[in-house]
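Numbering starts at 1 and runs along the sequence shown. Please read these numbers as outputs of a predicted model, since none were measured by experiment. Computation of the quantities below employed the complete heavy-atom set of this structure, encompassing side-chain atoms and omitting hydrogens, waters and symmetry-equivalent molecules.
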Amino acid sequence: MKPCKSDEAVEENKDQITLFIDGDLAADSEYSAAISALQHTFAAKYDFVITALAEQSLPTSILLLCQNEEHGTSLSNRFNLHGLQVFWLPQDPSYQPLKPLINGHWYLDWKQPPTVLPVLSLIQQQHRLLADFSTTKQKLSMLTECLGEMSLTLNSHGQIIEMNAPLLKVMGESGKSVIGQTLLSCLHIPSSIAKRRMTQILADLSRTHSMTRLPPFPVQLKDAVVMLDGFVGPFNHDDTLLILRQIASWQNQEWLEQSAAKNTPVTLLLVNPDDFAAFNQQYGRDIGDQVLAEIIQCMSDLLRSADFASRFSGAVFAAHLPETNEQQGQVLASRMREMLRKKRFSAKKVNLDFSFGLATIESEEQLNEHSPLELFRRANAALQAARSIGGGTLVCWQPKFDANILANLDRMSGKFSDAADDDFKLITLQWDIIRIIGSTHDLQSFSEQVCQLISSGMSSMYAGLYLTKGDGLINLSCASEPKVEVKSVHQWVTTNIQVDNLDNLTAVPLLELNATTLQASVPLVTRGKCLGVIVLRWHSNQQPVAKKYTELLQQVSANLGTAIDRIILLDQSHKQGNSPAKSEPDNHQTHELLFESAAMRTLMQQVQLVAPTDASVLLIGESGTGKEVIARQIHNHGLQPNKPFITVDCSTIVKHLIESELFGHRKGAFTGATSDQPGMIAQADGGTLFLDEVGELPLDIQSKLLRFVQEKTFVAVGDQRVRKVDVRLVLATNRNLSDEVAAGRFRADLYYRINVFTLNLPPLNQRGEDTLLLARHFLKKFSQQYNKPILDISSSAVETLRRYSWPGNVRELRNCIMRAVITCPSDYLESEHLNLQAPSLELQPSASHATPSLQTVELTQDDDEELLPALTVLLNKVVCLATQQPTSFPVTVWLEKLWIELCLQKWGSLYQVALKVEQSESTLRRRSAKLKDTAIDHPLLEELTVECSSLLQRFLDGDAIPNLWSTLESTMYAIVVRQQITQQAKAKLLDVTQPTLRKIMQQYQG
């Protein structure tokens, strides 16, 4: 029976009451009298919805029509109503039951409104409470899906009253007996600092009653230590809700080793002159820039040799203080504030006051791989707090600053304007531009990096850098969308922008070229002259974005102009044979730092943070990933960029000469030692020593290197004198040094000494579209070098580049494009010029369907020739099994659920899975929550699931592959699309809508 309603329209101020009836007697006319009476009597307040009683989840209180007591008892037994509160409306309202009613059941006289009205009010009130509870539960579910998979609830006394299944699973045996205990008594936090911070956060919560971010904290389990973070806030009266996520885990021994390796805190100090915008308005930008330069100089003069000062953004300065706890940082910040307040800046002799924000990351917190970003977030929150109370003060970060959850979802934490997300994007982009400045002495490489960064970061369809040459402009470099006609842009620029007017090109109006295109021209001015111009184009519907980014580019145009001027002067000096002493040599591999991928962006953020310290850095990555390039970046942005950068490839030196190469030797120390020779360590004094493939060093040399790492002293071969040097160590390896230690091939004490700050370099097949970005760069470089007028890479060649696994990484890509340019006779590089043996994936015919070869799947590992075809055959079987069932099941849901489960088994938490596969964590959490309760059961599917798990595990046993899921999904799409079944059946198999299916079919058919 379908639910029916009164014919009267439901008014907004009416409440709905469900009136249940026996569906078997729904047509009984005797019910109509009671229904009509109720609808008529209470029409002003209630609208009755008539619903047949069924075996379903019923409210705790219901209104139910029946014939008599016998009928009511029958309904109670049939539908198990004994535990509910039931108000019976008998057909005969004068009927009085002869026997006592079931507990909680009452008969009502529906002809007596005063009797019925309180019951209706009670039912409606209970329904509202249930609705509120359902809404609260739904909100909690959404929070846990987006913020973390684990949750627990504390009562007003701080005792645990509820813990969800994922957290119980993590806790293991200890999770069974935690109910009734206090949080800190059952969560063993092996850090007094973290425990004290947690106590303070919970105490502040009772006062602030607001959701607060939990900084990372370790929890000791039976066999492991896990790092958790999340949010805590008030919930359900006086209760407290904690939503947690796991961000890392270690075995107990690993935890002890890493804790011992990172035993010093790190402090960050942010400095901002108060009301500097008003200062600029009063004295002008030139004086303002002079003051900013004086501020950074004052900070540098005060800081210690191991510290580093930099201008972060606008008028915000940063001082990175390694091996400095919070108390020491406060002392140094107080001295700095006193010095800056007494300083009289510029020729105007102006005094300024300053706001300071200080934060410290303790040693155990540094085990979290995102601790550098966490350190900056805290320091920035402290700076915002100092500003908010009027400035002129120093504020140290406290957990209570995280009370505003909205601010803390942004890594910047501060609200510089009404659009905090936009502020963060702008400041990040500006930081990246400043990072490029000074990183190279090659003008072509510099311009390419700037254009790529501006184009991607400013969402423009075109970005080009033009320099003056004679009476005209020449294009140094550009980056654009594929559909942009680059030649027409060049022609417009050379025709419409006159060199003799460049010095007057100060205002940058946003020009509407036509109905579809906006353009901005930003001059690059330095030393009173304009060197060139940056031209940007956007689609016409991006006007607000274009205006915002144009203003940003104006802020850094002077820095870009100065950098270009410096590079030109250095080049002229070099050509004249007067290059500065000890100038940094050109880095022919700088182009390898072109990137757009999240993996490389994260890596470079870590480089920016560790570079201005003297900490040893260990680089881990496959051959060809650019370890030496990253090492040079660390040196260039380090404390002594003008000092030597010495490279030692430990794998290429003859074993008996390694000691002499590293430490030097005296005359006569061995046969052939005809004179004193300084070793690489001595040559690197004051600068950086880069030991490549350090895992190849013999054990006896490792012991001598350990002494140098510990004391910065060494003894040359054949000498007795101990020499002391100031050398920063950067080491690299493609081996797993922890495995080498376990095998006895690498000294454990040396490993712990050099593993101060580890950077993992992603292989090229994990860098997404960086492959194409680099390929186009190499194409332009080698086209110029070999005088080949090659315009671009064809679409088929692009697909070949994307499908190839690149086992040799960037080095292999560079050589591949060089070879292709040499052999290419046409205007475009084609697949045959690349000469890549990219494995193609053949879909094997199943028992009932033959499937043509698949050409659209991305191939990502060296062993794909073996694994992917086998996986394709298996997925074919799964699809055939699904199509043969009376009701087919969604094969993509089955595959995705299996994929996520295997990733969780390998990496432990959704947070880590999101990092490894480069997906949004919130999206991954929502998908995981949706799939968790999805069950696809079939006897034959169990065997296929085991087989598929084995194949996927072999993929995951290699390196993390960000695009592997898209490969699996594409394979499944192609198999389903080519099945001889209806479109409706295909949509069900793929769990998509019909419009989405049409798009998939367009891509994979034919």
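Between G744 and L699, the closest heavy-atom pair is O-CD1, 3.7 Å. A882 and V891 make their closest contact through CB-CG1, 3.7 Å (heavy atoms, listed as atom of the first residue, atom of the second, distance). Residues L618 and Y751 come closest through the heavy atom pair CD2-CE1, 4.4 Å. For the residue pair N765 and S805, the shortest heavy atom distance occurs at ND2-O, 3.2 Å. Shortest non-hydrogen contact noted between L691 and C650 is CB-SG, 4.2 Å. The two residues S151 and L167 come nearest to each other via the heavy atoms O-CD2, 3.8 Å.
Between the side chain of T800 and the main chain of S796, a donor-acceptor pair closer than 3.5 Å is present. No donor-acceptor pair closer than 3.5 Å links the side chain of W806 to the backbone N or O of P763. A donor-acceptor pair under 3.5 Å links the side-chain atoms of Q702 to the main chain of R745, judged by distance alone. Formation of a donor-acceptor pair under 3.5 Å by the Q979 side chain with backbone atoms of I975 is found in this model. No donor-acceptor pair closer than 3.5 Å links the side chain of K627 to the backbone N or O of D692. With hydrogens and angles disregarded, a donor-acceptor distance shorter than 3.5 Å links the side chain of T625 to the backbone of E622. Looking only at distances, a side-chain donor or acceptor of T883 sits under 3.5 Å from a matching main-chain atom of C880.
Side-chain contact annotation: N734 with S623, donor-acceptor N/O pair under 3.5 Å present. Donor-acceptor pairing under 3.5 Å is lacking for the side chains of D991 and T892.
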Test side-chain contact (heavy atoms from CB on, under 4.5 Å) applied to R954 and L951, step by step: CA-CA 5 Å; R954 290 174 63 185; L951 285 173; 4.2 Å; yes
Trace of the side-chain hydrogen bond (donor to acceptor under 3.5 Å, both in side chains) decision for D770 with S597: CA-CA 6 Å; D770 283 0; S597 63; 2.8 Å; yes
Check against side-chain contact (heavy atoms from CB on, under 4.5 Å), R814 and L774: CA-CA 8 Å; R814 183 180 185 275; L774 288 164; over 6 Å; no
side-chain contact (heavy atoms from CB on, under 4.5 Å) assessment of H833 paired with R819: CA-CA 8 Å; H833 304 138; R819 181 176 62 248; over 6 Å; no
Steps toward side-chain contact (heavy atoms from CB on, under 4.5 Å) verdict (C948, V878): CA-CA 10 Å; C948 187; V878 174; over 6 Å; no
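V219 pairs with exactly one of L244, V225, L228 by the side chain to side chain contact (heavy atoms under 4.5 Å, CB included) rule, that one being L228.
Look at R735 and E693 and you find no salt bridge, because none of the NZ, NE, NH1 or NH2 atoms lies under 4.0 Å from a carboxylate O.
Note that CD of Q953 is 7.0 Å distant from CD of Q905, once rounded to the nearest 0.5 Å. With rounding to the nearest 0.5 Å, the separation of CG in L875 from CG in L895 is 6.0 Å. Rounding to the nearest 0.5 Å gives a distance of 4.0 Å between CD1 of I754 and CZ of F746. Atom-to-atom distance recorded for L813:CG and Y804:OH is 10.5 Å, nearest 0.5 angstrom. Taking CE of M163 as the start and NZ of K169 as the end, the distance is 15.5 Å to the nearest 0.5 Å. Once rounded to the nearest 0.5 Å, the distance linking CG of L737 with CD1 of I620 reads 6.0 Å.
The closest side-chain heavy-atom distance from R776 to I793 is below 4.5 Å. Proximity of E896 to I900: side-chain heavy atoms (C-beta onward) are separated by under 4.5 Å at one or more points. Within the 4.5 Å cutoff, the side chain of L968 has heavy atoms near those of the L871 side chain. Side-chain contact between H777 and Q452 is absent, with no heavy-atom pair separated by less than 4.5 Å. Using a 4.5 Å heavy-atom threshold, the side chains of L750 and L697 count as separate. At least one side-chain heavy atom of F690 sits under 4.5 Å from a side-chain heavy atom of L619. Annotation: side chain of F778 is not in contact with side chain of C816 (no heavy-atom distance under 4.5 Å). No side-chain heavy atom of E812 sits under 4.5 Å from any side-chain heavy atom of L764.
More than 12 heavy atoms of other residues, nucleotides or ligands lie within 6.0 Å of CD in E832, so this atom counts as buried by the packing criterion. For CZ of R753, the number of neighbouring non-hydrogen atoms (other residues, nucleotides, ligands) closer than 6.0 Å is 12 at most.
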